2 protein chains.
Amino acid sequence: MRFEAVKVGELARRTGLTIRTLHHYDEIGLVTPSLHTESGHRLYASGEITRLQQVISLRQLGFSLDEIRKCLDGPGFSAIEVISLHMSRLREQMELQRRLCDRLEWLDSRLRAAGEVSADEFLKTIEVMTMIEKLYTPEQMKQFEVAGKQVGPEEIQAVQDGWAALLPEVRANLGLDPASPAARDLAQRWHDLTQQTMRGFQSTPELKQAIADNYKQGKFEEFTGAPQAADMAFIERVKSAWPSIGKDC
Amino acid sequence: MRFEAVKVGELARRTGLTIRTLHHYDEIGLVTPSLHTESGHRLYASGEITRLQQVISLRQLGFSLDEIRKCLDGPGFSAIEVISLHMSRLREQMELQRRLCDRLEWLDSRLRAAGEVSADEFLKTIEVMTMIEKLYTPEQMKQFEVAGKQVGPEEIQAVQDGWAALLPEVRANLGLDPASPAARDLAQRWHDLTQQTMRGFQSTPELKQAIADNYKQGKFEEFTGAPQAADMAFIERVKSAWPSIGKDC
DNA sequence: GATACAACCTCACGTCGCGTGAGGTTCAAG
DNA sequence: CTTGAACCTCACGCGACGTGAGGTTGTATC
């Protein structure tokens, strides 16, 4: 059945958005009605409805309206790709929310049993709450997906497991003598794992740059699962003491 | 182990918030450090950390900072209660996200198979995306929980099931003659279910009023699971034709 | 055809929750 | 003592709308 173009009020009712929101999206060229009545009333046809769904999807992923407009006006994004991004992010968010739920349940039971909980536990809970933030543009997220598909899920899992094993060990040994064989061993493993991680991004150098930029801006400081400044400083010290690390020969 | 008060930069690092955010919260009296160094640097002790966790919880539930401050400065909220609210809202959001994920998967497969999907399906997807919005103050949400506990989960489920069964039937019969016995039967069931639903709010008249206000403001228009204006108009027509409905004697 | 009300239009000020930068002081390490 | 990091206050700016004024158009009723 052919979709009949709708007016702004009905579109607002059927989507849960406000008329002001739709006016604003029209003004900034984000979702522009393709039809108007003779006296100028907006009429939204099915093409705009499709685009609006993509806009709301990307908005829920935390992108600015300007980013969304550039992304959708460019050639590289179809409705299917926006939906894929949205679904993968939804899964991430749901996983994070499960973790947050677990932490809140733990806090709740401890508060009921002991009456109080240490401030450190509250800090960890806040950290989980604020964890997912948009670090990349939609284009970069798409490239993550492409890179992920190229290396395959087993390799991704291996890299993640590698960091999950190595980071705690490095942190437990930050005080090691950089010239000791044990320190050298840690630095070598760090180097090898970094190479393995970066192999997945060979075809997307701008993505590698974006990751490096985010590190530089301290965006990963609250991710205990990501290398931190102290970790990298230690590795640099060990590399200074053992120049052979990193030289593949 | 006793928590050592921390400075604003360290608190920012450990929570994922920004220094500007913490300054702002201090300025508006939302989270105010209880200690300062001699030269005026902020020091956050464990009491502020506990409060900050409640602030971020309520912020994630969509409340304004002013609402949060009033709520936490009032006598009726403890850390446990904020955590309970957060957990129950998290569960709702996760359920909604599962539904959204299902819809996006359905859209994705239809787009891949048929190349296009009707605008109505996109509208339904946007509706799910925008569905959960904060409709009540934290105090009112707490009253919902209290009311829910008073009537018990079985009664809540029975009420929900009742509406889930009755609404589609009413909507399938909006064109019935209001004077017909079938119309009378629907209106009687509507009346009985409304009475059953409202019994849960007898002890919270302000909550009943808040629900009525939200209906009046059209906040439920996108909830197909909630009675709509057309449904209620039909029921009113039937009640006009059968004055005995609603008279309990 | 007149009336009344709902729905729409443009315009523009206001709000919230910070981001960002300027200009300066304090702290801590070398 | 020097230097750089970390902190302070102040204030302008920004994005994404909310809200209201003043008006036109559309539709139903009498």
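Letters A, B, ... mirror the listed sequences (proteins, then strands); counts begin at 1. Since the structure is predicted, the reported quantities are computational estimates derived from the model, not experimental observations.
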> Looking only at side-chain N and O atoms, does A/Arg20 come under 4.0 Å of OP1 or OP2 in C/dG14?
Replying inline: no

> Are a donor atom and an acceptor atom from the side chains of A/Ser78 and A/Glu81 found within less than 3.5 Å of each other?
Replying inline: yes

> Which comes earlier along DNA chain C counting from the 5' end, the contact point of B/Thr21 or that of A/Gly9, where each point is its nearest nucleotide?
Replying inline: A/Gly9

>> Go nucleotide by nucleotide along DNA chain C from the 5' end; which of B/Lys7 and B/Asp66 gets its closest nucleotide reached first?
In response: B/Asp66

> So, B/Ser34 versus B/Glu48: side-chain donor-acceptor pair below 3.5 Å or not?
Replying inline: yes

>> For A/Lys70, is there an ion pair with A/Asp66 - N to carboxylate O distance below 4.0 angstrom?
In response: yes

> Tell me: CG of B/Leu17 to C1' of C/dG17, nearest whole Å?
Replying inline: 13 Å

> C/dT25 P sits how many Å from B/His36 NE2, rounded?
Replying inline: 19 Å

> So what does B/Leu65 hit on the nucleic acid, given a heavy-atom distance under 4.0 Å: a base, only sugar-phosphate, or nothing?
Replying inline: sugar-phosphate

>> Within the 3.5 Å criterion, strictly below it, is a donor on A/Tyr25 or A/Arg59 matched to an acceptor on the partner's side chain?
In response: yes

> A/Glu27 CD to C/dA12 C1': how many Å, rounded?
Replying inline: 11 Å

> Where the side chain of B/Thr37 is concerned, which of C/dC27, C/dC18, C/dG17 is the nearest nucleotide?
Replying inline: C/dC27

>> For A/Ser57 and A/Gln53: C-alpha separation, side-chain torsions, deciding distance, then whether side chain to side chain donor-acceptor pair (under 3.5 Å) applies.
In response: CA-CA 6 Å; A/Ser57 276; A/Gln53 184 269 317; 3.0 Å; yes

>> Below 4.0 Å from chain B heavy atoms, what is the first contacting nucleotide of DNA chain D and what is the last?
In response: D/dC7 to D/dA11

> Atom CZ of B/Arg69 and atom P of C/dG17: how far apart are they, to the nearest Å?
Replying inline: 11 Å

> For B/Arg42 and C/dC27, what is the distance between atoms CZ and P respectively, to the nearest whole Å?
Replying inline: 15 Å

> Can you tell me if CZ on A/Arg98 sees more than 12 non-hydrogen neighbours from other groups inside 6.0 Å?
Replying inline: yes

>> Other residues, nucleotides and ligands only: do more than 12 of their heavy atoms fall within 6.0 Å of CD on B/Glu4?
In response: no

> Nearest nucleotide by nearest heavy atom, which residue falls closer to the 5' end of DNA chain D, A/His24 or A/His41?
Replying inline: A/His24

